[in-house]
**Q** 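Starting off with a structure, shown below.
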Amino acid sequence: MAKYNLQAVRQKFKESHPEIPEWIEFTLNDDKNATTFRIHHPLFQSNDERRAMNRARKSQDDFEMGNALLGDQWDEYEAEGGQVGDLMLLVNQIGDDLTDVDDKGNPTTL
């Protein structure tokens, strides 16, 4: 029976998939002084982050989803004019990036 070290498995995945960052950083605009927000890539979310995301999905509340994604950053994001709809677009883009298709329409899902 094989025995795995999960930390090593995670590290191997990160090394073999350098295009998938652990953290996703974004700003509200291209201003050089814009605040940079960051969220864990869905593949690297902690258990608490996943639980919060699952609760938000079940409630179908985009604002709860925004809070689940940004945590302590939510108030600053909203104060700077951040829109929950834009976060939903970001989540959709991340999902699309994970399940892209090649030239022939074949899935490239990880």
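All values below come from the heavy atoms of this structure, side chains included, with hydrogens, waters and symmetry mates left out. The shown structure was predicted, so the numbers you read here are calculated from the model rather than taken from an experiment.
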**Q** Atom CG of Asn5 and atom NZ of Lys12: how far apart are they, to the nearest 0.5 Å?
**A**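 Those atoms lie 12.0 Å apart.
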**Q** Looking at NE2 of His41 and CH2 of Trp23, how far apart are the two atoms once the value is rounded to the nearest 0.5 Å?
**A**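 Separation between the atoms: 12.5 Å.
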**Q** Would you say the side chain of Leu69 lies within less than 4.5 Å of the side chain of Met88, judging by non-hydrogen atoms?
**A** yes
**Q** Apply the side-chain contact (heavy atoms from CB on, under 4.5 Å) test between Leu89 and each candidate in Leu87, Asp86, Val91; give the one that qualifies.
**A**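 Passing option: Asp86.
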**Q** Does one hydrophobic cluster hold both Ile39 and Phe44, with members joined at side-chain heavy-atom distances below 4.5 Å?
**A**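 No, Ile39 and Phe44 fall in different hydrophobic clusters.
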**Q** How long is the straight-line distance from CD1 of Ile94 back to CD1 of Ile20, given to the nearest 0.5 Å?
**A** 11.0 Å
**Q** I'd like to know if the side chain of Arg50 reaches the main chain of Pro42, judged simply by a donor and an acceptor atom lying under 3.5 Å from each other, with no hydrogens or angles considered.
**A** yes
**Q** Once rounded to the nearest 0.5 Å, what's the spacing between atom CD of Glu22 and atom CG of Leu43?
**A**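 Answer rounded to 0.5 Å: 10.5 Å.
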**Q** Roughly how far apart are Asn67 CG and Asp72 CG, rounded to 0.5 Å?
**A**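 Reported value, rounded in 0.5 Å steps: 10.0 Å.
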**Q** Over all heavy atoms of both residues, which pair between Ser59 and Glu64 is shortest? Give the atoms and the distance, please.
**A** OG-OE1, 3.2 Å
**Q** Under 3.5 Å, is there a donor-acceptor pair linking the side chains of Gln7 and Gln11?
**A** no
**Q** If I compare all heavy atoms of Gly81 with all of Gln83, which pair ends up nearest, and what's the gap?
**A**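 For Gly81 and Gln83, the tightest heavy-atom pair comes out as O-NE2, 3.2 Å.
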**Q** Using the ring pair (Phe, Tyr, Trp, His ring centres under 6.0 Å) rule, take Phe13 and His17 through it: C-alpha gap first, then chi angles, then the decisive distance, then the call.
**A** CA-CA 6 Å; Phe13 179 86; His17 295 84; 4.2 Å; yes
**Q** Once you measure the plane-to-plane angle for Trp74 and Tyr77, does it fall in the parallel (<30°), tilted (30-60°) or perpendicular (>60°) bin?
**A**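 The rings of Trp74 and Tyr77 sit tilted, inter-plane angle from 30° to 60°.
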**Q** Within this structure, what is the CD-CZ distance for the pair Gln73 and Phe37, rounded to the nearest 0.5 Å?
**A** 6.5 Å
**Q** If you take all heavy atoms of Thr27 and Ala34, which pair is closest and at what distance?
**A** CB-CB, 4.0 Å
